[in-house]
Amino acid sequence: MRRRLLLERPVGTPDGIGGETRTHILVAAVWAQVEWLSGEERWRAGRPEQALSHRISLRWRAGVDAGQRLRDATQVFEIRAVADPDGARRRLVCLVEEVRP
């Protein structure tokens with residue numbers, strides 16, 4: 001676990017016209033191991049983008065859920081699933097997706 005990542009959670013703020021603006025706030029800085037799993041190119045809104053799947057392992061901590069994200073400078077990893085592989089509360093494994101335009 002040699003990579004320092006920032007764990008962030010989404011926060012919605014009303015925009016005054018019935019919608020909301022979504023921002024992310026810092027929850028914690030964590031040490032993690034990032035492993036690349038796969039990648040694909042897909043089209044969104046008529047433009048190509050790269051979607052990369054990673055497995056990120058970190059020390060166990062409560063409150064890490066799908067919908068949050070991990071960030072390293074400009075790299076943003078959206079958490080899709082979280083598991084405690086052996087149930088011993090020693091580490092968490094997060095399956096994440098990084099999208100690049």
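Starting from 1, each residue takes its place in the sequence as its number.
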Where is the tightest heavy-atom contact between A29 and L6, given as atom of each residue plus distance?
-> CB-CD2, 3.9 Å
Please list, one pair per line, the donor and acceptor atoms closer than 3.5 Å that link side chains of residues 72-93 to other protein atoms, with sequence neighbours excluded.
unit_1	atom_1	unit_2	atom_2	d
D72	OD2	R3	NE	2.9
D72	OD2	R3	NH2	3.0
Q75	OE1	R3	NH2	2.3
Q75	NE2	E98	OE1	3.3
Q75	NE2	E98	OE2	3.3
R80	NH2	E97	OE1	2.9
D84	OD1	G87	N	3.4
D84	OD2	R89	N	3.0
D86	OD1	A88	N	3.1
D86	OD2	R90	NH2	2.3

Beyond-backbone contact of R61 with V27, side-chain heavy atoms, under 4.5 angstrom | yes
Please list, chain by chain and in numerical order, all residues satisfying side chain to side chain donor-acceptor pair (under 3.5 Å) with R2, sequence neighbours excluded.
-> none
Only counting residues at least two apart or in another chain, list the ones meeting side-chain contact (heavy atoms from CB on, under 4.5 Å) with [X].
| X | result |
| --- | --- |
| E40 | R42, A51 |
| W43 | P48 |
| P14 | none |

Mark yes or no for whether Q68, through its side chain, and G63, through its backbone, hold a donor-acceptor pair below 3.5 Å.
-> yes
[X], [Y]: one ILVMFWY side-chain cluster at the under-4.5 Å cut-off?
| X | Y | result |
| --- | --- | --- |
| V11 | L7 | no |
| W60 | L58 | yes |
| V34 | L95 | no |

How would you list all residue pairs meeting salt bridge (charged side-chain N to carboxylate O under 4.0 Å, His left out) that involve residues 18-32, not counting sequence neighbours?
-> E20-R22
Value for CZ (R69) from NE2 (H24), rounded to nearest 0.5 Å, stands at 4.5 Å
Measuring from I56:CD1 to L5:CG, what's the distance to the nearest 0.5 Å?
-> 5.5 Å
